[in-house]
2 protein chains.
Amino acid sequence: MPPKHKTADERLQLHTSILDAARELFIERGVEATTMREIAKRIGYSPTALYLHFKDKDDILRALCETDFLALAAGLQSIMGIPDVRQRLSMLCDGYAEFALSHPNHYRLMFMTPQPVIDKTELKMIHRGNPEQDAYAQLKSIVQDAFEGGHFRPELTNVDLISQTLWAGIHGACSLQISKGNDDWVEWRPISERIQMMRETLMIGILRPDQTKM
Amino acid sequence: MPPKHKTADERLQLHTSILDAARELFIERGVEATTMREIAKRIGYSPTALYLHFKDKDDILRALCETDFLALAAGLQSIMGIPDVRQRLSMLCDGYAEFALSHPNHYRLMFMTPQPVIDKTELKMIHRGNPEQDAYAQLKSIVQDAFEGGHFRPELTNVDLISQTLWAGIHGACSLQISKGNDDWVEWRPISERIQMMRETLMIGILRPDQTKM
DNA sequence: AAAGATAACTTGACGGCGTTAACTTAACAA
DNA sequence: TTGTTAAGTTAACGCCGTCAAGTTATCTTT
């Protein structure tokens, strides 16, 4: 019970321990179902202590998502160094899918929930368009390279449109798995097969027909 | 205030007026944000009256989704009569996307929210695999036809896998629009272009290369 | 050394939520 | 006429997110 003036380090420690506890609970039982009181109990503080570090519950969610966006981009960064541009594109699809499927609850928050929770104009940490921090910028930069290398079908001329189609395809496979993968209404093929086929279908559909093998 | 023994018709009328009010509110401000009290107030009953017709809030949601699944399949039914199988496939993609984008909140409930809300084993109204009531069965039946007609690339041999890839592709384009379409982080191309390109990309990626024109 | 200010909390409360239990009352059945 | 029952309502329970006010130990100033 003894309050004490804290160093910046100690303040940060509580800050991150709130985020860690919130992340665990959000992942464990979903964001709507976890309460501020639970988060507080898990770290041994009273519920209102959370409000000393975050404006409200959404603010915690926002902070977690911000971290996750950076983590996604960081995880994909190594792929940017692959020399062959078709391989790079292909690996980005796989890397993205792996992130989505191994962090389904993060992914849901990032890409499958309504918009207003995260107003990106408020995100100061991430710099838009910076390929080291923005996964869409990474994708677009690879697509730009491939476009300049003449790898796409001649009728495809818009780099954003191509990028958004690739993103949507992989996102569709991942998000359908996350939201409906346990639904036995459909006789699902294994998710690995579905990701693989999506990647190949997109590649064949987008790349120049002469040399589709990679 | 006068309670009265009701005919089956009158009971049904209240039943559907609850569903109508709930649907409006769910669409208007989202499912989590609408309360039982609001639904009740809108139809002029006390909150607990809803529990005479539905077990709980999720039960209302479940009933709405059930109706929506049937509506989706019904809306796509006319497409099943198109003679050319490639055209049929193409039109099914468009029809599905049109449903998703013109009923975004229904679509979110149906295909973008966590699984446990709707346990389809409890849905007695819809018959699984019946192409008149099950949109996935419609898709699969067209894919089956195309497969038997030799329209797919020779390496594609599993009808479920093909169906699920097509579904995922269109779903990806639609769901990304619904959850991120108003997000200016990305310079989105118009959604109609994105749907069209997705459809064409999937067709080229899946159909036999000789005659991709339709 | 004493007094005041402040950082870091906790306690208590507010209004609203989903839901249940108990009550009310009009219509029906015996 | 007298129950029984259908169709509600009222009141309450235990949650929830959040805010205002109170409480202390520490730091700062004199």
Side-chain angles (χ1 to χ4, degrees), chain A residues 1-26 28-65 109 113-114 116-118, chain B residues 1-26 28-65 109 113-114 116-118:
Chain A
M1 305 299 159
K4 186 188 96 171
H5 285 208
K6 291 189 158 181
T7 68
D9 248 34
E10 287 170 319
R11 264 191 69 82
L12 182 68
Q13 201 171 334
L14 176 52
H15 188 94
T16 60
S17 86
I18 291 173
L19 288 179
D20 289 348
R23 163 167 278 125
E24 280 179 32
L25 287 167
F26 284 177
E28 213 169 282
R29 50 193 122 191
V31 48
E32 296 291 345
T34 91
T35 70
M36 298 295 265
R37 287 165 161 90
E38 277 177 316
I39 299 171
K41 182 183 286 181
R42 181 165 290 211
I43 60 172
Y45 283 81
S46 81
T48 53
L50 308 190
Y51 292 86
L52 302 174
H53 287 83
F54 298 95
K55 186 175 148 293
D56 54 21
K57 194 180 173 186
D58 274 351
D59 197 31
I60 296 179
L61 189 60
R62 206 179 49 74
L64 287 176
C65 281
L109 297 184
T113 41
V117 161
I118 307 170
Chain B
M1 303 298 162
K4 185 188 95 172
H5 285 209
K6 290 189 160 183
T7 67
D9 248 34
E10 287 169 318
R11 264 191 69 81
L12 182 68
Q13 200 171 335
L14 176 53
H15 188 94
T16 61
S17 86
I18 291 173
L19 288 179
D20 289 348
R23 163 168 278 125
E24 281 179 31
L25 286 167
F26 285 176
E28 213 169 283
R29 50 194 122 192
V31 48
E32 296 291 345
T34 91
T35 70
M36 298 295 266
R37 286 165 162 90
E38 277 176 317
I39 299 171
K41 182 184 287 181
R42 181 165 291 212
I43 59 171
Y45 282 80
S46 79
T48 53
L50 308 190
Y51 292 86
L52 302 175
H53 287 83
F54 298 95
K55 186 175 146 292
D56 54 21
K57 193 179 172 186
D58 275 351
D59 198 30
I60 296 178
L61 188 60
R62 205 179 48 76
L64 287 176
C65 281
L109 297 183
T113 41
V117 161
I118 308 170

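Below, chains carry the letters A, B, ... as their sequence lines are ordered, and counting in each starts from 1. Below, all heavy atoms of this structure are taken into account, side chains as well, without hydrogens, waters or symmetry copies.
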Exercise. Hey, does F54(A) have a side-chain heavy atom less than 4.5 Å from the side chain of R62(A)?
Worked result: no

Exercise. Counting any heavy atom closer than 4.0 Å, what does S46(B) reach on the DNA or RNA strands: base, sugar-phosphate only, or nothing?
Worked result: base

Problem set entry | Close side-chain approach of H53(B) and R11(B), heavy atoms under 4.5 Å | yes

For this session: Could you state the atom-to-atom distance from CG of L50(A) to P of dC16(D) in whole Å?
Result: 13 Å

Problem set entry | Nearest-angstrom distance from the residue atom CG of D58(A) to C1' of dG17(D) | 11 Å

Problem set entry | Candidates dT18(D), dT9(D), dT5(D) - which lies nearest the side chain of P47(A) | dT18(D)

Seminar exercise, completed: Taken to the nearest whole Å, CG/L25(B) to P/dG18(C) is 11 Å

Problem set entry | Pairwise side-chain contact, Y45(A) with L14(A), heavy-atom cut-off 4.5 Å (strictly under) | yes

Exercise. Could you go step by step and tell me if R42(A) and E28(A) meet the salt bridge (charged side-chain N to carboxylate O under 4.0 Å, His left out) rule?
Worked result: CA-CA 13 Å; R42(A) 181 165 290 211; E28(A) 213 169 282; 3.7 Å; yes

Problem set entry | Rounded distance (Å) that lies between atom P of dG8(D) and atom NE2 of H15(B) | 14 Å

Exercise. Do M36(B) and I60(B) pass the side-chain contact (heavy atoms from CB on, under 4.5 Å) test, and can you show the C-alpha distance, the side-chain angles, and the key distance before you say yes or no?
Worked result: CA-CA 10 Å; M36(B) 298 295 266; I60(B) 296 178; 4.1 Å; yes

Exercise. What is the nucleic acid contact for L14(A), judged by heavy atoms within less than 4.0 Å: base, sugar-phosphate only, or nothing?
Worked result: sugar-phosphate

Exercise. With sequence neighbours excluded, what pairs up with T35(B) under the side chain to side chain donor-acceptor pair (under 3.5 Å) test?
Worked result: none

Exercise. When the distance from OH of Y51(B) to C1' of dC13(D) is rounded to whole Å, what number comes out?
Worked result: 13 Å

Exercise. Roughly how many Å is it from NZ in K57(B) to P in dC16(D), rounded to a whole number?
Worked result: 15 Å

Exercise. Could you give the CD-to-C1' distance, from E10(B) to dA6(D), as a whole number of Å?
Worked result: 12 Å

For this session: Starting at atom CG of L52(B), determine the distance to atom C1' of dT9(D), rounded to an integer number of angstrom.
Result: 10 Å

For this session: Would you sort out whether L25(B) and R29(B) count as a side-chain contact (heavy atoms from CB on, under 4.5 Å), showing the intermediate values?
Result: CA-CA 6 Å; L25(B) 286 167; R29(B) 50 194 122 192; 3.1 Å; yes

Exercise. When we call it a touch if two heavy atoms are under 4.0 Å apart, what does T7(A) touch: a base, just sugar-phosphate, or nothing?
Worked result: nothing

Seminar exercise, completed: Per nearest nucleotide of DNA chain C, the residue lying toward the 5' end, T48(B) or K6(A), is K6(A)

Exercise. Which residues within residues 36-45 of chain A lie with some heavy atom under 4.0 Å of an atom in DNA chain D?
Worked result: M36(A), R37(A)

